[in-house]
Amino acid sequence: MAKITASVFTSHVPAIGAALDLGKTHEPYWQPLFQGYEYGKQWMKDNKPDVIFLVYNDHATAFSLDIIPTFAIGTAEQFQPADEGWGPRPVPVVKGHPDLASHIAQSVIQQDFDLTIVNKMDVDHGLTVPLSLMCGQPSADHFEWPCPVIPFAVNVVQYPVPSGQRCFNLGKAIRKAIETYDEDINVHIWGTGGMSHQLQGARAGLINKEFDRVFMDKLINDPQAAADISHIDYVREAGSEGIELVMWLIARGAMNDVHGGKAPLLKQRFYHVPASNTAVGHAILENQF
Ligand code: DHB
Ligand code: FE
């Protein structure tokens, strides 16, 4: 059977993608940030998954205000990097895993979560920046991501957005789905977006280091406490875009300890300000069996 071996958490700041694509990672502004991902890049090489289930949010790129799915699973063979106004990022096409994605859709919908099934979708910085941070820039002679990726898009852009508790419960359902897939594969589940930031209005530029620190403590050690954080507390404390953090709870809800197993091993924890307008957080948890 398939098993979830690890969860990865990371912010997705679009300027990080631009810094990578324009060769600026060694500039003094960016160097400390990319330093914080050196461990994760090596860890990815040492712990290569067969599939990444990547929870992220679309930023009005694939979904306009015309159609706003709360939870959307990508079931396609492949997903093109999106043009967000400056041309697509020069990164590989994202290869999907239609068979596992269809199995997850079947199982999770039968567990009473309404997923939108997406057979065609471009993926924006919300998905490609986490891949770049954890996998590095693929070389020209081997221009592909290390494994298939199932994109799972959550609406955290247009209200109403799902609660942290609902995301945590959804993670539990996704775990059941993956663990009933009849193939011996090793799956990572990633929760992306966050941390505190606000891009608009009178509080634009807001960063709350204390909220971010406590959130990461709870996420790692007491995920139910993180799931208890109310929507209004995210907005008040972490800024209007801090609500992206609910996506981390989907990944965390899929880990062994939430299902009566052992506590995960914390392999990496990193926090850095500033990166564009956003506080950057990153953690890696390995399941213990
Ligand atoms: C920024 C951060 C985001 O998460 C995003 O989606 C867009 C912009 C920023 O820091 O500028
Ligand atoms: Fe964002």
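Counting starts at 1 for both ligands and their atoms, in listed order. Since the model is a prediction, treat every value here as computed from it, not as a measurement.
In this structure, of His125, His197, Glu241, Glu84, the residue bringing a heavy atom nearest to atom 4 (O) of ligand 1 is His197.
Between Phe9 and His282, the gap from one ring centroid to the other reaches at least 6.0 Å. Taking the six-membered ring for Trp, His231 and Tyr159 have ring centres closer than 6.0 Å.
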When you look at Asp233 and Arg236, which way does the salt bridge (charged side-chain N to carboxylate O under 4.0 Å, His left out) test go after all the steps?
CA-CA 5 Å; Asp233 281 337; Arg236 198 177 276 140; 3.7 Å; yes
When you look at Asp217 and Arg269, which way does the salt bridge (charged side-chain N to carboxylate O under 4.0 Å, His left out) test go after all the steps?
CA-CA 10 Å; Asp217 285 347; Arg269 177 174 173 161; 2.7 Å; yes
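Using a 4.0 Å cut-off to heavy atoms of Val13, the atoms of ligand 1 that qualify are 10 (O). Residue Glu244 has at least one heavy-atom neighbour below 4.0 Å for each of these atoms of ligand 1: 4 (O).
Under a hydrophobic-cluster definition in which Ile, Leu, Val, Met, Phe, Trp and Tyr are linked whenever side-chain heavy atoms come within less than 4.5 Å, directly or via other members, Val94 and Leu100 are assigned to different clusters.
Contact of the Val149 side chain with the Trp190 side chain is not registered, since no non-hydrogen atoms from C-beta on lie closer than 4.5 Å.
Only protein N, O or S atoms were scored, and 3 of them lie under 2.8 Å from the Fe ion (ligand 2).
Between Asp124 and the options His59, His12, Arg89, a side chain to side chain donor-acceptor pair (under 3.5 Å) holds for only His59.
Between Phe270 and His272, the two ring planes are parallel [angle under 30°; tilted spans 30° to 60°].
Shortest contact from atom 9 (C) of ligand 1 to any protein heavy atom: Ser276 OG, 3.3 Å. When hydrogens are left out, the protein atom nearest atom 2 (C) of ligand 1 is Thr278 OG1, 3.2 Å; that is the closest non-hydrogen contact.
A cation-pi arrangement is present between Lys3 and Phe289 under the rule of less than 6.0 angstrom and at most 45 degrees off the ring axis.
Pro14 counts as a contact of ligand 1, since one of its heavy atoms falls under 4.0 Å from the ligand.
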